[in-house]
Amino acid sequence: MAHAPDILVTFALGSCVGICLYDPHIKLGGLSHILLPDSTSQKPVSTPYRFADSAIPLLLRRMESMGANRRFIKAKIAGGAQMFATVGNASLSNVGQRNVMAVRQALAKLGIPIIADDTGKNFGRTLYFNVEDGTMRIQSASKGEWTL
Amino acid sequence: MALNNYNDLNEMQLDVLREMGNIGTGNAAMALAEMLATPIDISVPTVQILDYEATMESMGGPETMIVGLLLSFDGDINGMIMFLLEKDFAHMMINTLMGEDTEVFDPEDPVSNSALTEVGNIMAASYVNAIASMTNMRINLSVPDMSIDMLGAILSVPAIHYANISDKIIMIQNQLQGNNTSASNRILMLPDVDSLQKIMTALGIEDL
């Protein structure tokens with residue numbers, strides 16, 4: 001989490017998903033980087049920040065405790081790529097897609113709208129989240145960079 | 001105590017993995033030299049149990065460009081093997097294989113890709129055969145999939161797959177030299193944990 005004018009970064013997202021939450025009124029931003037869709041397979045949940053369903057509510061709660069208002073918070077998400085084309089293992093091949101779906105579900109459940117979505121495809125992304133204006137800049141290795 | 005995690009490996013079991021790494025690397029060097037029709041020198045490999053963070057740092061950070069080849073194996077044991085080749089070395093291999101002298105390595109070129117995939121195939125088979133012949137197991141190897149991208153993104157694939165088992169990986173590192181190019185290559189061995197137990201049992205190495 002950071003206040004303006006900081007920039008939050010997560011390097012080289014593959015099948016993982018980066019979730020930027022932003023409250024523009026107080027310029028507070030939070031960035032979460034999840035590896036897996038849901039925490040229900042892990043009991044007890046010892047690493048909640050790894051899972052979409054547990055990490056996002058945690059981040060939101062922390063932002064609210066710092067004065068953010070859920071009604072103003074919007075989300076931008078990126079990542080969830082499929083790095084290798086056809087892996088024989090089905091559970092592995094679509095994990096990026098399952099991560100993205102879980103992130104969308106978790107955000108919908110909390111009533112947070114997604115205003116930018118750069119997910120899927122087959123390349124890695126580094127994500128820079130500018131807390132000054134809420135923009136998300138994506139850098140890829142071979143496809144250039146862009147801002148959302 | 002049964003193996004639950006790569007961390008549980010004791011020194012003796014690590015030695016076994018080192019020996020497999022040695023034999024596999026020797027096989028791979030011979031196969032590569034034959035394929036490239038050029039002598040390939042290979043150093044004695046190191047085998048380490050590392051976490052992902054340390055692996056990435058030792059290779060120049062998460063945004064380092066790398067050629068990743070991923071294969072899965074099944075049969076008596078299951079798991080994955082991942083090769084991480086430095087781009088320069090991959091480029092040298094393509095040039096040697098094709099008898100060309102291209103200045104830049106084009107990751108989109110389908111011929112280069114299939115050449116690299118073939119290299120991955122041969123190298124992976126070298127390691128898998130080392131395990132199979134030591135343990136008398138039957139192991140089938142898949143065709144490799146390739147991705148040329150940032151190291152962190154490529155490593156996220158095994159990291160996610162094994163997230164609930166281990167934060168560590170078994171890494172074999174060797175130095176390959178050929179055609180005036182020297183490169184440090186990494187092979188990540190990712191057997192499922194119960195398969196690792198099977199390998200140890202097959203070799204008669206129980207816990208001490």
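Letters A, B, ... mirror the listed sequences (proteins, then strands); counts begin at 1.
Here the straight-line distance linking atom OG of S140(A) with atom CG of D149(B) works out to 7.5 Å at 0.5 Å rounding. Distance check: T64(B) OG1 to F11(A) CZ gives 11.0 Å after rounding to the nearest 0.5 Å. Considering CD1 of I160(B) and CE of M83(A), their distance stands at 10.5 Å, rounded to 0.5 Å.
The minimum heavy-atom distance between A12(A) and P62(B), with the atom names listed, is CB-O, 3.4 Å. Scanning both residues, S15(A) and S156(B), for their nearest heavy atoms gives N-OG, 3.3 Å.
Interface residues of residues 18-33 of chain B toward chain A, defined by a heavy-atom distance below 4.5 Å: none. Contacts between residues 112-132 of chain A and chain B, counted as heavy-atom pairs separated by less than 4.5 Å, involve N122(A), F123(A), G124(A), R125(A), T126(A), Y128(A). For a heavy-atom cut-off of 4.5 Å, chain B lies close to C16(A), L35(A) in residues 16-35 of chain A. The interface of residues 114-135 of chain B with chain A, defined by heavy-atom distances below 4.5 Å, is empty.
For CD of Q175(B), the number of neighbouring non-hydrogen atoms (other residues, nucleotides, ligands) closer than 6.0 Å is greater than 12. The neighbour count for E53(B) CD, taken as heavy atoms of other residues, nucleotides or ligands under 6.0 Å away, does not exceed 12. Within a 6.0 Å radius of CE in M137(B), other residues, nucleotides and ligands contribute more than 12 heavy atoms.
Residue M56(B) does not touch chain A at all, counting heavy-atom pairs closer than 4.5 Å. The parts of S147(B) that come within reach of chain A are both its backbone and its side chain, each placing non-hydrogen atoms under 4.5 angstrom from that chain.
Between F84(A) and I154(B) there is a side-chain heavy-atom pair separated by less than 4.5 Å.
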